[in-house]
Each structure stands twice: as C-alpha cells, then as structure tokens.
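The structure appears below as structure tokens.
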Amino acid sequence: MLLIVKDSYEAMSREAARVVAERMRRKPNLVLGLATGGTPLGLYKELIRMHKEEGLSFAKVTTFNLDEYIGLPRTHDQSYFYFMRENLFKHIDIDPRYIHVPDGMAPEIDAHCEWYESEITRYGGIDVQILGIGANGHIAFNEPGSSLGSRTRIKTLTEQTVKDNARFFKNMAEVPKTAITMGIGTIMEAKEVILLANKTNKAEAIRAAIEGPMTAMVPASIIQMHRKAYVMVDKEAASKLTHTFTG
Ligand code: PGA
C-alpha cells in the first residue's frame, strides 16, 4: 500500500488525476472504476482540465461506476448516473457506449447485477478503481458487516444513510431505501485501487482502514489485502495515523 499525504484537497486531487492520466496514456483503452460523492469531485475537475488543456482523451476508455440507487431513473438529479454526467461525462470525449452505471430501474435487479459483473469481466477487468470512504468505513454501499467476498448485488441502505439523504428529496417516501453496489470482492479484483479521503471527519475511518485490524466492520480495511493500492489523503484525513509510512 502506498500512502500519499498531501497538504490540501486540491493537491490530493491533482495527484490522483496524475496517476489516472498516466495509466490512460499508457493504456488508452483503460477500464476505469468510478465513484460518486463529494470526494472525487476535485479529481474529476482536474481530469476535465487535462482533457481540455492537455488533450487527455477518454475516447477509448471504458468506465464502471460503483453503485446506484434503486428506483431512480437516470434523469433524476439525485441518481448517480446524473451525477456522473454532470460532473464528468458531459465535459469529456468519452463514448457513451463505454459508460457503465448500474441501472436502478432494471426490471430484474439480480440478473442485472450478474450482467454487470460479466461486463466487467468482458472488458478484461477494472484497471484502476477510484474509491471514497464513508465516515463509518464503508466503500461504495458496502456498509459495516458486508461480506468481504461480496459481489455486485442489492443492498438495503442503513437508516442513517436514508436519513442523511432525505434532504435531497421532496419527501421521505421518495428517498431510496435500496441500492445496487459492486461487492467488496468485485472491488478487490481491480488491478489498482486509489482510495481518496479528505477532511477530519474521515480521519478515524482512515486510521481504522489502514492501521486497524482487517474486519468486515470496516469494509475499507480490505485494502490492506490489495496488491496495488494507493491511499491518497489530505493532512486532516491523515491526522489520526500513527505511522505516516509509505511503501
Ligand atoms: P463522500 O462520500 O465522498 O461524499 O464523502 C464517500 C462515501 O460515502 O463513500
């Protein structure tokens, strides 16, 4: 595991973009795993800048997103598909046929999850997976207690997540209660993973994930088993680490 501590969120985001862009230049048909949430926004902004100013091309890149709410159409402004379109896809030259986000409106969710896994395999597996981390140590919608070997599947959101999301919806009934998420086993098969975290509210999760025991109660701690993992954090998110080791 390579731990990279940067002075600021912007520097962390630039470092993540530098690694992704380097992999894309080496392999133009890179298979890139993407995450939603506030954390990767700086990375996406920097990739968009590199596309516009430095000619970084996504034309042959394939993407797979980690998760999506069940019951939200892609046009809903809280769907993760919408988030990705607004914050990345519409600003770059990606071929829409190569974009994969789980379909929260799929009529047969289990079959869709199996298809999603088989698509990842068909494209040769994910080369680089971007990850955020929840304050409780979750990755994607794999909340504490998720099987470390899990695959893409339907998950019920925790009460806390449903409550946290309520502010984005008109009423409680509209708030999704379930989601499709890549499993921890799926994520671990990515050839490289880049876990990003910033701000002090992530410091304890980062400490538990990197320095704590590997446990399903901290899903991100599985990163200790990955052969090629980068953990890129700002100073605040690194503030509870006792060893700011590299290597
Ligand atoms: P955030 O979410 O990037 O919005 O902090 C990360 C996560 O919950 O996985």
Side-chain angles (χ1 to χ4, degrees), residues 6 8-17 20 33-47 64-69 72 77-84 86-88 101-102 104 126 128-146 148 150 152-153 155-169 175-184 186-188 190 193-210 216-223 226 229-240:
K6 291 288 183 184
S8 66
Y9 173 69
E10 288 71 28
M12 177 199 84
S13 301
R14 278 196 302 273
E15 178 62 12
V20 172
L34 297 173
T36 51
T39 312
L41 282 176
L43 159 65
Y44 298 156
K45 220 169 126 195
E46 179 63 6
L47 288 174
F64 285 93
N65 263 82
L66 287 169
D67 45 13
E68 178 62 283
Y69 292 119
L72 294 191
D77 65 4
Q78 292 304 317
S79 76
Y80 285 173
F81 186 91
Y82 188 94
F83 175 100
M84 290 309 304
E86 292 303 305
N87 292 299
L88 182 63
V101 180
I126 292 169
V128 181
Q129 176 67 56
I130 307 300
L131 287 178
I133 181 171
N136 66 359
H138 73 206
I139 44 174
F141 272 123
N142 298 286
E143 298 288 357
S146 295
L148 296 178
S150 52
T152 303
R153 68 207 184 292
K155 284 290 282 183
T156 302
L157 307 182
T158 61
E159 232 173 273
Q160 190 60 49
T161 304
V162 174
K163 267 194 214 148
D164 290 348
N165 286 342
R167 66 185 191 279
F168 301 120
F169 295 85
V175 189
K177 311 290 184 304
T178 50
I180 297 172
T181 182
M182 272 190 211
I184 299 175
T186 321
I187 292 167
M188 281 295 284
V193 301
I194 301 176
L195 177 82
L196 299 171
N198 66 304
K199 295 193 188 153
T200 16
N201 68 319
K202 299 293 173 69
E204 178 51 30
I206 284 293
R207 190 206 59 75
I210 301 182
M217 291 315 287
V218 182
S221 64
I222 192 75
I223 201 158
H226 198 280
Y230 297 83
V231 177
M232 298 186 189
V233 293
D234 71 352
K235 276 191 303 200
E236 284 77 26
S239 60
K240 289 199 174 164

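Small disclaimer: the values here were computed from a predicted structure and weren't measured. Note that ligands are numbered from 1 as they come in the structure, with each ligand's atoms numbered from 1 the same way. All values below come from the heavy atoms of this structure, side chains included, with hydrogens, waters and symmetry mates left out.
- Checked against side chain to side chain contact (heavy atoms under 4.5 Å, CB included), A17 has the following partners two or more places apart in sequence or in another chain: L43, E46, L47, M50.
- R14 is not listed as a side-chain neighbour of K6, based on a closest heavy-atom distance of 4.5 Å or more.
- Protein residues having at least one heavy atom under 4.0 Å from any atom of ligand 1 are G37, G38, T39, G132, I133, G134, H138, K202, listed by chain and number.
- Classified by interplanar angle (parallel below 30°, tilted 30° to 60°, perpendicular above 60°), the ring pair F141/Y80 is parallel.
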Pair I133, T39 - check side-chain contact (heavy atoms from CB on, under 4.5 Å), show working. CA-CA 9 Å; I133 181 171; T39 312; over 6 Å; no
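- D234 places a side-chain N or O within 3.5 Å of a backbone atom of K199 that can act as its donor or acceptor partner.
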Output, in order, the C-alpha distance, side-chain angles, deciding distance and verdict of side-chain contact (heavy atoms from CB on, under 4.5 Å) for L66 and L131. CA-CA 8 Å; L66 287 169; L131 287 178; 3.8 Å; yes
